[in-house]
Amino acid sequence: MIAKLFVHYLSLTSDDRQYRWAYLNFVSALLIAVNGLFFLTYNLFIDYYPALIWAMALTLILDITSVYWLLIKRNVSVSSYILVSIVFAMTHFYMFDVQSSEYALIYGVLNPVIAITLLPRSYLKCILLMQFMVFNYLLLVHIGVKEQQTLGWASYTNQLSVWLTVTVLFWYIDTSRLQANRKVYEAKDQLERLATTDSLTGVHNRRFIEKRLIEPPFIHSIALIDVDNFKQVNDHHGHSAGDGVLQSIAHILEHIFQRVGVVGRWGGEEFIILITEQDPKKVAEYLEHARLAICHYPMAISQSVSISVGWGRFHQENIEQSIRSVDKALYRAKANGKNQIRTASLLSEY
């Protein structure tokens, strides 16, 4: 409900920087309204007290004013200062009025909670210092004063209202904190995906692959794949058609190697696959399956599309040599007529 109000009146979504501030402001206004209505009713019908009746009526008027500044004027700062002023004025009015009786001094703890929740840090220290001085004065003047504290209904109501207010407010503060943290982690994950994903094909980019090559996730083989005659595809059908071909090939490779490898775009029309399958015969079967699947896939162009593949064993202690040997195998596949698979000389080391 609050989110819908903010979208309608403030054009704020949960992604906006001011959303959390406005959210806590609105929750605080609701809490003040609930407390104001309760004590207005209590002092009007149960424990008649004209001074507090007028004070609570004024509280409700100012609270409505703060909501007006928030939703209509779209000024969260002014609304927050109004709310802090309401709490400060009403709690101190009551504390000075009844002194230490009825456990009234407990209301002093509400002021820093509301102030810290709603106010910007620039003025907060001065306001907290003022609140501390007034609250400290009220405590000091009652040191040594013997007063019989009977837990009557007024004392019970005061303590319970403070407990409920602080509990509900901190519940929403923590909820807001968790939402903010979730947004941070989601943004971090999104940035990580953007940084490690090829924007055209959706597979991993070269940065991600190079990082995985130096990690030990049980890579046993690597394969380099080059799209045959790709320049002709771009020249005859346009770059958008070429992009479509790369996207289709990436999709096929990811589907075939989803359980036994990691697919990435190595550059241009080249793809790389980090293969976790240990059996070289099965690796050859997977690559042949990919070659045939791409050859028979109905691309959105008139000419056929094929791939050349070079693959071999991966040696983590010598990454550059492993890639170089596989690249040479790919070169042999291209030189011998394309649309075929060649193994690196290091395959004999299985």
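None of the values given here were measured: they were computed from a predicted structure.
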Heavy-atom closest pair, residues [X] and [Y]:
| X | Y | value |
| --- | --- | --- |
| L287 | A223 | CD2-CB, 3.9 Å |
| C295 | N339 | SG-OD1, 3.2 Å |
| S80 | W21 | OG-NE1, 3.2 Å |
| N234 | G242 | OD1-CA, 3.5 Å |

Hey, quick one: are [X] and [Y] part of the same hydrophobic cluster, counting side-chain heavy atoms closer than 4.5 Å, chains of contacts allowed?
| X | Y | value |
| --- | --- | --- |
| V34 | V67 | no |
| Y297 | I307 | yes |
| Y94 | I61 | no |
| F132 | V166 | no |
| Y137 | M95 | yes |

When rounded to the nearest 0.5 angstrom, what distance separates [atom1] in [X] from [atom2] in [Y]?
| X | Y | atom1 | atom2 | value |
| --- | --- | --- | --- | --- |
| I114 | L110 | CD1 | CG | 6.5 Å |
| T276 | F218 | OG1 | CZ | 10.5 Å |
| T117 | R20 | OG1 | CZ | 8.5 Å |
| I32 | L83 | CD1 | CG | 4.5 Å |
| T196 | E210 | OG1 | CD | 13.0 Å |
| Y23 | L70 | OH | CG | 13.5 Å |

Counting C-beta onward and ignoring hydrogens, is there a side-chain heavy-atom pair between [X] and [Y] closer than 4.5 Å?
| X | Y | value |
| --- | --- | --- |
| V203 | E254 | yes |
| V78 | K73 | no |
| M90 | M56 | yes |
| L71 | F26 | yes |
| L330 | R342 | no |
| H236 | S302 | no |
| L253 | I225 | yes |

**Request:** Give the intermediate values and the outcome of side chain to side chain donor-acceptor pair (under 3.5 Å) for residues Y107 and S161.
**Result:** CA-CA 9 Å; Y107 281 104; S161 65; 2.9 Å; yes
Do other residues, nucleotides or ligands put more than 12 heavy atoms under 6.0 Å from the [atom1] atom of [X]?
| X | atom1 | result |
| --- | --- | --- |
| Y331 | OH | no |
| F38 | CZ | yes |
| Y172 | OH | no |
| K334 | NZ | yes |
| Q258 | CD | yes |

For the backbone of [Y] and the side chain of [X], can you confirm whether one donor and one acceptor N or O come within less than 3.5 Å of each other?
| X | Y | result |
| --- | --- | --- |
| D63 | T59 | no |
| W311 | L224 | no |
| R265 | G202 | no |
| H92 | F88 | yes |
| N25 | L118 | no |
| N229 | Q232 | no |
| R206 | W266 | yes |
| T197 | L194 | no |
| S66 | S79 | no |
| N35 | L31 | yes |

**Item:** CA sep, side-chain torsions, deciding dist, call: N111, I127, side chain to side chain contact (heavy atoms under 4.5 Å, CB included)
**Value:** CA-CA 10 Å; N111 288 284; I127 292 173; over 6 Å; no
**Request:** Applying side chain to side chain contact (heavy atoms under 4.5 Å, CB included), run through L138 and F96 and close with a yes or a no.
**Result:** CA-CA 8 Å; L138 287 169; F96 274 102; 3.8 Å; yes
Pairs of donor and acceptor atoms involving the side chains of residues 178-187, under 3.5 Å and at least two apart or interchain, shall be tabulated with distances.
from, atom 1, to, atom 2, distance (Å)
R182, NE, E186, OE2, 3.4
K183, NZ, S14, OG, 3.2
K183, NZ, D15, OD1, 3.1

**Request:** Determine, stepwise, if the pair K282 / E285 fulfils salt bridge (Lys or Arg N to Asp or Glu O under 4.0 Å).
**Result:** CA-CA 5 Å; K282 290 186 178 180; E285 290 174 0; over 6 Å; no
**Request:** Applying side chain to side chain contact (heavy atoms under 4.5 Å, CB included), run through F314 and L274 and close with a yes or a no.
**Result:** CA-CA 9 Å; F314 175 66; L274 311 183; over 6 Å; no
**Request:** Would you tell me whether S308 and D228 have side-chain atoms, one donor and one acceptor, within less than 3.5 Å of each other?
**Result:**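 Distance-only check passes for S308 and D228.
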**Message:** When you compare the side chains of Q321 and R324, does any donor N or O come within less than 3.5 Å of an acceptor on the partner?
**Reply:**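 Present: a donor and an acceptor within the cut-off.
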**Request:** Please determine which of D327, I275, V262, I323 meets the side-chain contact (heavy atoms from CB on, under 4.5 Å) test together with I222.
**Result:** I323
**Request:** Before giving the answer on side chain to side chain contact (heavy atoms under 4.5 Å, CB included), spell out for I249 and M299 the whole-Å C-alpha distance, their side-chain angles and the decisive distance to 0.1 Å.
**Result:** CA-CA 9 Å; I249 292 174; M299 301 287 180; 3.9 Å; yes
